[in-house]
Amino acid sequence: RLGEAGPLAAMAEKSHIHYGDLGSALGGAGEDHEAFTGSNIHAPTDADIVQSATDDMQRARQQHEDAVRAFEQRASQRQMQVPTGDAQVKSKLREFGEPVCIFGEGPYERRDRLRTIMAGRTAPTMDAQRKEAAGDEDLFYTEGVEELLEARVKMSEWSIPRANQRLVKERRQRLDEDPVEYEERVERFCTFIQKSMVAEVSQVGDERPLTQGKFSPDAGLFATSSWSGFIKLWKTPSCEPVLTIRGHEDRCHSIAFHPSCKGTPPFEGNTVRLASASADSRINLWSLSESQPLNVLEGHEDRVNRIAFHPMGEHLVSTSHDMSWRLWDIETTTELLLQEGHSRPTYGCSIHPDGSLVATSDLGGVVRVWDMRSGKTVMPLAGHGKQVLGVDFHPRGTILATAADDHSVRIWDMRKRRCTHNLLSHNKLISEVNFERGEGRLMLTSSYDGTVKIWNTVDWKVVKVLIGHEGRVMGADHMPASVGGHHYIGSVAFDRTLKFWSTQGKAEPPVDATAFMT
């Protein structure tokens, strides 16, 4: 009786329970399946499940890309070169059209805002880069003043005869003296320096670290500059202080004697005998007969690093952190030339013995040689990996030495237009390099490792290492002429001391020393 059993009999006929989705269980059971898939119930299909998984993957991928982009942006912001001075930061914000100051914002927050703005700039397209590169190749000229033209003519008239004399002297020397004999003579002189060069005098130069020391052209004086702004003159070789002047209110970074400066104080007459450069962006010209500067050269927008007189004696070259070097007329105190071309602050400068070329270096590791008669860059020298702080021409005019923060000195041949020697000179930054005046048989390098090294300019080997300073050596200089037949070197250091090194110490000079000593 099926009718009487009802639902219980139907359940008894099921031998086991089936597992699976409702769709397969219902099969094609008509009304029940239609009731399950009604309008108020949505059963997800395989396509719906795949679509949902795809959306989740895209959302996760987008979040990952956003996180990577934010990380790269922060990394690029950390590596971005942003001005540190508050005035430069405000000037940069004006260039971007942004507010210079926001309420409650300090210098640190303002600089951080500038970094964010600079990082948000879009990168230039390839077409824009090509147009920019093509524009860099175009020559452009800046109109100069009439005084600059007159100065270039004077330099040409002064330098060309001296270049001719130098070449004639070089040819005559090649004919009169065999190169092997010259090398042997220099080797004997270097041996004499190695055996007899010792520290003779050590003197505390100032209350604050010394920055530079230079001998006068006639070897009668040694001038030092310091962070205190004081300039002191010392008598050579006794190292007695003879004159102290208050040079600047800020740190004094460089000093230079006029080529015609001779004698010792007291001086007479109001002629320029010394120039000094400071962190207050000023250059003072001194007659050394008064306690006040004779004239002040103003024009640089940042600290002045190095200065050098033109051999003619009428002009002065200065380098500065404003990424330019300038040419001044010391008689009229006018700025004849503002020369750009460096992308980083300019530091070292040296003028060719003929007065025709000037070499400048910057903190980006680039050295440029300029023709002062035409104003063109005749030789850009790129080889150092870090900032170049010192440059100097050899007295013969064919070699240029550059010293950098990469602990090396590079020797450049001006005729071959390439680097011929790369000398790993010191363990730390090299602060200054200069050649012996006259024949140029020796080269001096001073370094932050506390030593001064003397080099042979024939084979570029170390002749002597002068150890004595307790701090980093800021500079060293050769005495232009011998005193009593002896060779002198002066050095200044961060330990506030100046030292004179001479050959009249432990060893006596050889019998034929006078034949090759200057």
Side-chain angles (χ1 to χ4, degrees), residues 159 161-197 215 217 219 311 350-357 359 390-403 409-425 433-445 452-466 476-489 501-504 507-518:
S159 64
R162 280 160 180 78
N164 184 40
Q165 295 174 6
R166 175 175 57 83
L167 295 176
V168 170
K169 182 180 178 180
E170 183 177 351
R171 295 190 192 100
R172 185 182 299 112
Q173 184 177 2
R174 288 181 179 179
L175 295 175
D176 296 344
E177 186 176 17
D178 185 75
V180 177
E181 295 180 358
Y182 172 76
E183 293 178 4
E184 292 177 353
R185 182 165 60 89
V186 173
E187 186 65 29
R188 291 197 305 270
F189 176 72
C190 291
T191 303
F192 167 67
I193 293 292
Q194 180 184 10
K195 292 181 178 180
S196 58
M197 178 69 71
F215 283 104
S350 178
I351 300 178
H352 195 274
D354 300 338
S356 56
L357 305 175
V391 294
D392 192 32
F393 281 102
H394 191 275
R396 293 188 177 182
T398 59
I399 295 175
L400 176 69
T402 59
V409 173
R410 285 181 175 266
I411 308 300
W412 306 85
D413 193 315
M414 304 299 294
R415 295 173 176 175
K416 297 179 181 178
R417 303 173 69 90
R418 63 181 179 87
C419 177
T420 56
H421 296 85
N422 186 8
L423 312 176
L424 184 58
S425 307
V433 59
N434 52 53
F435 289 98
E436 175 204 13
R437 304 179 196 178
E439 290 191 42
R441 297 164 295 183
L442 303 176
M443 182 182 72
L444 275 185
T445 58
V452 178
K453 291 187 178 182
I454 307 174
W455 301 77
N456 185 341
T457 58
V458 174
D459 53 10
W460 303 107
K461 294 182 179 179
V462 178
V463 175
K464 183 86 171 180
V465 181
L466 306 180
D477 191 25
H478 292 270
M479 181 174 286
S482 61
V483 177
H486 292 281
H487 192 81
Y488 277 82
I489 292 175
W501 313 78
S502 74
T503 56
Q504 60 178 7
E508 292 294 331
V511 178
D512 59 344
T514 56
F516 54 84
M517 288 191 300
T518 57

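Values below: all heavy atoms of this structure, side chains included; hydrogens, waters and symmetry mates excluded. Treat the numbers as computed from the prediction; the structure is a model and nothing was measured.
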Of all heavy-atom pairs between [X] and [Y], which one has the smallest distance, and what is that distance?
X	Y	answer
Ala401	Ile411	CB-CD1, 3.9 Å
Arg185	Gln173	NH2-NE2, 4.3 Å
Pro311	Pro353	CG-O, 4.0 Å
Ala359	Val391	O-CG2, 3.8 Å
Cys190	Leu442	SG-CD2, 3.8 Å
Trp455	Val463	C-CG2, 3.9 Å

Lys/Arg-Asp/Glu bridge criterion (N-O < 4.0 Å) met for Arg437, Asp392
no
Rounded at 0.5 Å granularity, tell me how far [atom1] in [X] sits from [atom2] in [Y].
X	Y	atom1	atom2	result
Ile193	Asn456	CD1	CG	11.0 Å
Thr457	Arg441	OG1	CZ	9.0 Å
Ile454	Ile489	CD1	CD1	3.5 Å
Met197	His486	CE	NE2	11.0 Å
Met443	Ile399	CE	CD1	9.5 Å
Arg171	Arg166	CZ	CZ	10.0 Å

Is the side chain of [X] donor-acceptor paired with the backbone N or O of [Y] at a distance under 3.5 Å, no angle test?
X	Y	value
Asp354	Ser356	no
His352	Gly397	yes
His394	Phe435	no

Discussion item. Using 30° and 60° as the class boundaries, would you call the ring planes of His487 and Phe189 parallel, tilted or perpendicular?
Written reply: perpendicular
Residue set satisfying salt bridge (Lys or Arg N to Asp or Glu O under 4.0 Å) with Arg415, at least two apart, ordered chain then number -> Glu170
Sequence neighbours excluded, the answer for salt bridge (Lys or Arg N to Asp or Glu O under 4.0 Å) partners of Arg418 is none
Query raised in the report: Is any side-chain heavy atom of Glu187 less than 4.5 Å from a side-chain heavy atom of Val458?
Result: no
**Message:** When you measure from the centre of the six-membered ring of Tyr182, is the NZ or CZ of Arg396 closer than 6.0 Å and no more than 45° off the axis?
**Reply:** yes
Checking Thr402, Thr420, Thr398 against Trp412 for side-chain hydrogen bond (donor to acceptor under 3.5 Å, both in side chains), the one that qualifies is Thr402
